[in-house]
J.: 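One structure, pasted below without further comment.
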Amino acid sequence: MAKTIDNDNKLVAQRYAKALLELSCESLTKEQIMSEISDVSESLKGSVDLQKVMSSPVVSGAEKNNVLVKVFERNVSEIVLNFLRLLVDKNRFSILESIVNEYRNEINKINNVLNIKVTSAISLSDSEKAMIKVKLENILNKNIELEWSNDSSIIAGLVFEVGDNIVDNSLRHKLQEISRNIVK
């Protein structure tokens, strides 16, 4: 049941992200909007008081909009501020972070960028990371942005995460497969 709610929120977030993408104009680029809504989302994460106000059912929509104006008016464009106010009016402000993520995904699609999380057993040198990036870009024919992490429990190899897909090329995974085959 919880997954259905998450999927519903994701679909709603995608719709709002696409609408926001359509609002970009000559005076404000898609990347500028991305920067501004990301900054708002980060500000919310960093302020417990602001989170409480914006999520409180006791605080009216008008009061929440006044708070948005007071806090963000000098830091964001009118387009983004009006978008935030719309989220409050439609009782969708709680999914702002999801909207930011979906907006980023939409921009990445337009720019042919693919984000990949790579986990390795050990720290890799910059030249090794660059080599992996070039190979992935050539194979996938996309601009690649990599997020690196280390996890010694994978023993050796790499684990790639692209969205909900995982390609596990680690020694730990291969040993688990061998173990399952032996048990059969």
J.: Would you indicate whether the side-chain heavy atoms of Asp89 and Asn65 approach each other to under 4.5 Å?
T.: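 Answer yes - side chains close enough.
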J.: Flag the pair Glu137 / Lys142 as yes when at least one side-chain heavy-atom distance between them is below 4.5 Å, and no otherwise.
T.: no
J.: Do the non-hydrogen side-chain atoms of Phe72 and Ser43 ever get within less than 4.5 Å of each other?
T.: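 In contact.
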J.: Hey, any chance Ile110 and Leu28 share a hydrophobic cluster, counting ILVMFWY side chains that come within less than 4.5 Å of each other, even indirectly?
T.: yes
J.: Just so I know, are the side chains of Asn82 and Leu84 near enough to count as touching, which here means a heavy-atom distance under 4.5 Å?
T.: no
J.: Quiz question: by atom type and distance under 3.5 Å, do the side chains of Ser35 and Gln32 form a donor-acceptor pair?
T.: no
J.: Identify the two heavy atoms, one from Leu68 and one from Arg85, that lie closest to each other, and give their separation to 0.1 Å.
T.: CD1-N, 4.1 Å
J.: Is the backbone of Ser125 close enough, under 3.5 Å, to the side chain of Glu128 for a donor and an acceptor to pair up by distance?
T.: yes
J.: Restricting to non-hydrogen atoms, name the atom on Leu44 and the atom on Gln51 that form the minimum distance, rounded to 0.1 Å.
T.: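 Minimum heavy-atom separation between Leu44 and Gln51: O-NE2, 2.7 Å.
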J.: Are any of the side-chain heavy atoms of Lys52 and Ser56 separated by less than 4.5 Å?
T.: no
J.: Do the side-chain N and O atoms of Asn150 and Ser123 include a donor-acceptor pair separated by under 3.5 angstrom?
T.: yes
J.: Members other than Ile178 in its cluster, when Ile, Leu, Val, Met, Phe, Trp, Tyr link by side-chain heavy atoms under 4.5 Å?
T.: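 Members alongside Ile178: Ile182.
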J.: With heavy-atom distances below 4.5 Å as the criterion, would you say the side chains of Lys45 and Glu97 are in contact?
T.: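 Yes, close enough: below the 4.5 Å cut-off.
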J.: Any heavy-atom pair between the side chains of Thr29 and Ile33 that's under 4.5 Å?
T.: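 No, their side chains stay 4.5 Å or more apart.
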J.: State, with a plain yes or no, whether a side-chain heavy atom of Leu21 is found less than 4.5 Å away from one of Lys30.
T.: yes
J.: Ignoring hydrogens and angles, tell me if any N or O in the side chain of Ser41 forms a donor-acceptor pair with the backbone of Ile37 under 3.5 Å.
T.: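 No, the answer is negative, given that no donor and acceptor are paired below the 3.5 Å cut-off.
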J.: Quick test of your reading of the model: are Lys109 and Glu106 salt-bridged, counting only N-O distances below 4.0 Å?
T.: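 A salt bridge is present here (some side-chain N lies under 4.0 Å from a carboxylate O).
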